Protein chains: 2
Amino acid sequence: MVVDAIQRVRLEGVRVHDVEGDVDDDDGGVGRGALQEPDLAPRSGIPHLSRCGRPEGFDVRVGDEAGVGVRRRGQVPDGSGGGGGGGGGDNAKAKKETGLGLDATIEDDFGAWYSQVVVAGELIEYYDISGCYILRPWAYSMWEQIKDFFDKEIKKEGVENCYFPLFVSSARLEAEKDHIEDFAPEVAWVTRSGQSELDVPIAVRPTSETVMYPVFANWIRSHRDLPMKLNQWCNVVRWEFKHPTPFIRSREFLWQEGHTAFTNKADADKEVRHILDLYRRVYEELLAVPVIPGVKSEKEKFAGGLYTTTVEAFVPATGRGIQGATSHCLGQNFAKMFQIEYENKNGGRSMVWQNSWGCTTRTIGVAIMVHGDNKGLVLPPRVAPLQVVVVTIPNSKLSAEDSKKLNDTAKAMSDGMIDAGLRSKLDDRDNYTPGWKYNHWELKGVPLRCEFGPRDMEAGHCVVVRRDTGAKETVKLVDLPVRAKEMCEEMQADMLKRATEKRNASVVTCTSWDGFVEALDDCKMILTPWCETKESEELVKKKSQEDSDGGAAKTLCIPFIQPPLAPGTKCFITGAPATTWVIWGRSY
Amino acid sequence: MVVDAIQRVRLEGVRVHDVEGDVDDDDGGVGRGALQEPDLAPRSGIPHLSRCGRPEGFDVRVGDEAGVGVRRRGQVPDGSGGGGGGGGGDNAKAKKETGLGLDATIEDDFGAWYSQVVVAGELIEYYDISGCYILRPWAYSMWEQIKDFFDKEIKKEGVENCYFPLFVSSARLEAEKDHIEDFAPEVAWVTRSGQSELDVPIAVRPTSETVMYPVFANWIRSHRDLPMKLNQWCNVVRWEFKHPTPFIRSREFLWQEGHTAFTNKADADKEVRHILDLYRRVYEELLAVPVIPGVKSEKEKFAGGLYTTTVEAFVPATGRGIQGATSHCLGQNFAKMFQIEYENKNGGRSMVWQNSWGCTTRTIGVAIMVHGDNKGLVLPPRVAPLQVVVVTIPNSKLSAEDSKKLNDTAKAMSDGMIDAGLRSKLDDRDNYTPGWKYNHWELKGVPLRCEFGPRDMEAGHCVVVRRDTGAKETVKLVDLPVRAKEMCEEMQADMLKRATEKRNASVVTCTSWDGFVEALDDCKMILTPWCETKESEELVKKKSQEDSDGGAAKTLCIPFIQPPLAPGTKCFITGAPATTWVIWGRSY
């Protein structure tokens, strides 16, 4: 077998097997070449807390603060051997030199693991502007899947897509001080075009309320113009100074923002919950990530709105909650601000009731954090860009004719799965060993690997391996399309189930301050009875900051589904009568 | 029949019928209310030239330079009558007050017609930042259709979607001076975030070569990494000072930009033409707009590229060509600039061959200009957001039961067409007359109108009216879904046919300077034999500017399909030996 001596490894952190030829399993050595490690965040000195309780976000310095010209680990010196020739010698040496796995583990340094896996999995490329990231096709196609699902669902509700400008005048942006207070420090301003200063600086949208609502006032005149339901898929910019993290927190990100107006609150409330359930489905049905739907506290809600509902996810590895997506009822607050009135059925004037709701590319980051393992990404089959990869196990002892037959059969297997509606591909590159390919596609998180060698061909079956469990199953070729589809569905369900079990085991109940911080440090969310005051929320933030090294806790949400609250139950922190259960946690 | 006395007209320029009751046709009066005309461009003093030969672009001052608070024409004073009550009196008066048509015609003032129709048709809303426009759902849904078509086609070719950042550092942008010279004066710079100055200003992408190609250099190492085919759907910003025109020329616009790399020129050339043909299909098959595929002159090609292919459209009403979309072969120029090299099959180093290709929301503007008429938009059925509108013709003499039966039947008709795959809707609003609805949907360019009154119901048929010709056809209800679908296809084909005939009649041949300017002033494109020198192109520009009031001519393209060029043919302007035929014209 002719093996190309150039073993360029495009990826950082890929384990390479030292074996060639007939490989029956994915167990291989871990080779390590010369690592040029980026400067990573300092690790917490307390082993117990090294996982949980890291400060808000975590330092990611790979590339984005390394400036132009990110050093790529694992580059094989070019021309390390001539072309052609057989295996052995130079090839083995080249392979060893490119042998890199992820060198961080989830347990020891989650931050480093995450920043490595998003690059090694070819989701992200770092960029020379801090906090901005390149979404590679492997990531973008998952965003497209989420988009397709959500867009179809909102269209059923009569929501129409539109596109409002990127820029907003300072007059528009600054007129709404209460709402914009939160965003003002993060707004990017364009002050110049070419060589000349603009007469008036213009802002890049951090969110589009101030762009859209003055126009709503023009478009909404009569109750017959309502409900009005608009959405846009676009980019927004928030020039944050918190540590940026790919997908999770970036200065430019992609999202959808829905903005709707109704004649009455009941319809608005109904939509808020319907959209929130679509967000829940994005997480649970597409990404296999369990979320807790609930309402935000007054302190945490959208500034200027009436109430905010949320789906809260949780990253067990770091013990941090993460806001998945939010659906706000704005009440009539913005209608008053922007004078969005209409002529009602009785001929009088009324204010509209408004909602806004948004979901971002953060969804992908959450799925990575929840499902990934030390081998790399583990992508939920429903959104994985590739659901099955077929890998042949060539054998140099095979005749040319039989080699061709092996490849042709493997191609037919892949095509058969494509015909059955799966996203499948044959990896028939002859310059990588099967073992290398196993690791590569594991790193990229492909749900199923289908191994196919000469003995399989003789037997008329193949071996299908699940990425999440490593479980192997022998499947007859004739059954492959159907079985592979089933396995994807089984894996999707199992991933959600396991993640849900893990998440459920991460919630503890506290009825007093005792044990609260210990639970936080133990990577838990905490359910407590609460009196719902802003002051007590501030108090908890302060005390949790003081009493531990891991950072402050906040309310994640007041879950819709609550345990019963017995009369006389006291708030866990103030001792006043409790009005609800609430979930606290550290968060991203 | 209870008619709501509030006749709020959301649209500018809608003709309203003065009749109520059983209306059998769409012929109605033209009412005119108080017009608050925006300040329009000065008209050319020469009637002969008032259509053709306007200066580059045309002044559009409606709204975008009117500042905040665009005055909306046709606003009915609110509360102009109580609710309830029957027809007559106040209603008729209210309807008259809202009776506005487009007040400009294509023949007399195309610029004003265009700026009115895009607003009256609810495609565009003007915005308080000059050159930025709001794409309303009626427009955005057409962009989505174009997107869906094109995206599906490029995915067949293995192109993958990705997303690169909006911002580009000055170092990156300015390093490539030859290419960026064209764009530099139009680049918008972010210099501030919140209250603080950025250390280094960052640019908003005018196009993404300088964003993407440094990264290509990292990703492309081996011939095995090629071809590499990426595309992104995004917004770009070019802070132009030429007159902005909705869809045609705006400071922010939506597009796709494809960027691909190959090992060899032949593959690159092949893709250039394949993509160009997809653009041709967008125009001809989706938008029913004929285009001329060809190659740009050296003067007109993409700066820094090897050659540019284009599909050129033409607006007969103004006698101006318009570049539809472009597909460039960049050669190895950018590979050299950005050092995008790879290890070839022989172990040596080679430069890649690159293409880039883009298509924008301009497509929609071209379709409006080519198909629209004095009644408003005429949308090609294939992309029209709504293909059929069903309008009932109620009769106050009908019993409540029969009225309901009329509406229910009409709804079933519309649903039946939806089931057959058409985009259909029933307009059963009881506060507008059928006549008003006819005009409203004509203004919005809906391809088919289906009229249905009590007598039609008795007869078991309806009357279907085509927007482009006004032709009416009686169609049995049972045949409606199939026949409506056929009529859409027929209309699509007829629109393309008529537009093609008109375009063909707009091309004249000149073999000398004699008649050249007259032809331009006669709203023609001119096919001439040419020697292909930049100097002669400059000369034509200069002479056409001097010899007429209508503005300079440029080469539109060297068409792929050419008449034979007899040996000895001389260039029409220099007298040197001609090497090709080329098409000249004024253009947007």
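So that the names make sense, note that chain A is the first sequence line, chain B the second, and so on, each numbered from 1. Small disclaimer: the values here were computed from a predicted structure and weren't measured.
Proximity to chain A is limited to the side chain of B/Asn235, based on heavy atoms less than 4.5 angstrom apart. Neither the backbone nor the side chain of B/Lys229 comes within contact range of chain A, judged by heavy atoms closer than 4.5 Å. In this structure, the portion of A/Pro201 lying under 4.5 Å from any heavy atom of chain B is its side chain and not its backbone. Heavy atoms closer than 4.5 Å to chain A are found in both the backbone and the side chain of B/Leu166. When heavy atoms are compared at a cutoff of 4.5 Å, B/Glu144 approaches chain A solely by way of its side chain, counted from C-beta outward. Residue contact with chain A, scored on non-hydrogen atoms closer than 4.5 Å, involves the backbone and the side chain of B/Ala188 alike.
Remark: side-chain polar atoms of A/Glu160 are not paired, donor with acceptor, to backbone N or O of B/Pro137 under 3.5 angstrom. Between the side chain of B/Tyr127 and the backbone N or O of A/Phe167 there is at least one donor-acceptor pair closer than 3.5 Å. Checking side-chain atoms of A/Asp151 against main-chain N and O of A/Lys147 turns up no donor-acceptor pair under 3.5 Å.
The residue among B/Ser141, B/Ser250, B/Pro385, B/Pro185 with the most heavy atom pairs within less than 4.5 Å of chain A is B/Pro185. Your options are A/Pro165, A/Ala203, A/Ala184, and the one with the most heavy-atom pairs under 4.5 Å with chain B is A/Pro165. Contacts with chain B were tallied for A/Ala139, A/Gly194, A/Ser196; A/Gly194 has the most, counting heavy-atom pairs under 4.5 Å. Taking B/Val204, B/Val237, B/Leu230 one by one and counting their heavy-atom pairs under 4.5 Å with chain A, the maximum is reached by B/Val237.
Put simply, the side chain of B/Thr361 does not reach to within 4.5 Å of the side chain of B/Met142, judged on heavy atoms. Side-chain contact check for B/Glu252 versus A/Tyr163: some heavy-atom pair is nearer than 4.5 Å. Taking 4.5 Å as the limit, every side-chain heavy atom of A/Val168 sits out of range of all side-chain heavy atoms of A/Ile202. Using a 4.5 Å cut-off on side-chain heavy atoms (C-beta onward), B/Thr191 and B/Leu198 make no contact.
Residues of residues 253-260 of chain B having a heavy atom under 4.5 Å from any heavy atom of chain A, listed by number: B/Leu254.
A/Trp436 does not carry A/Arg429 over the face of its six-membered ring by the limits of under 6.0 Å from the centre and within 45° of the normal. A cation-pi arrangement is absent between B/Arg251 and B/Tyr133, since the terminal nitrogen or guanidinium carbon is not both under 6.0 Å from the aromatic centre and inside a 45° cone about the axis.
Between B/Trp189 and B/Trp239, the ring centre distance reaches or exceeds 6.0 Å.
Classification of the A/Trp233-A/Trp143 ring pair by plane angle, with boundaries at 30° and 60°, yields perpendicular.
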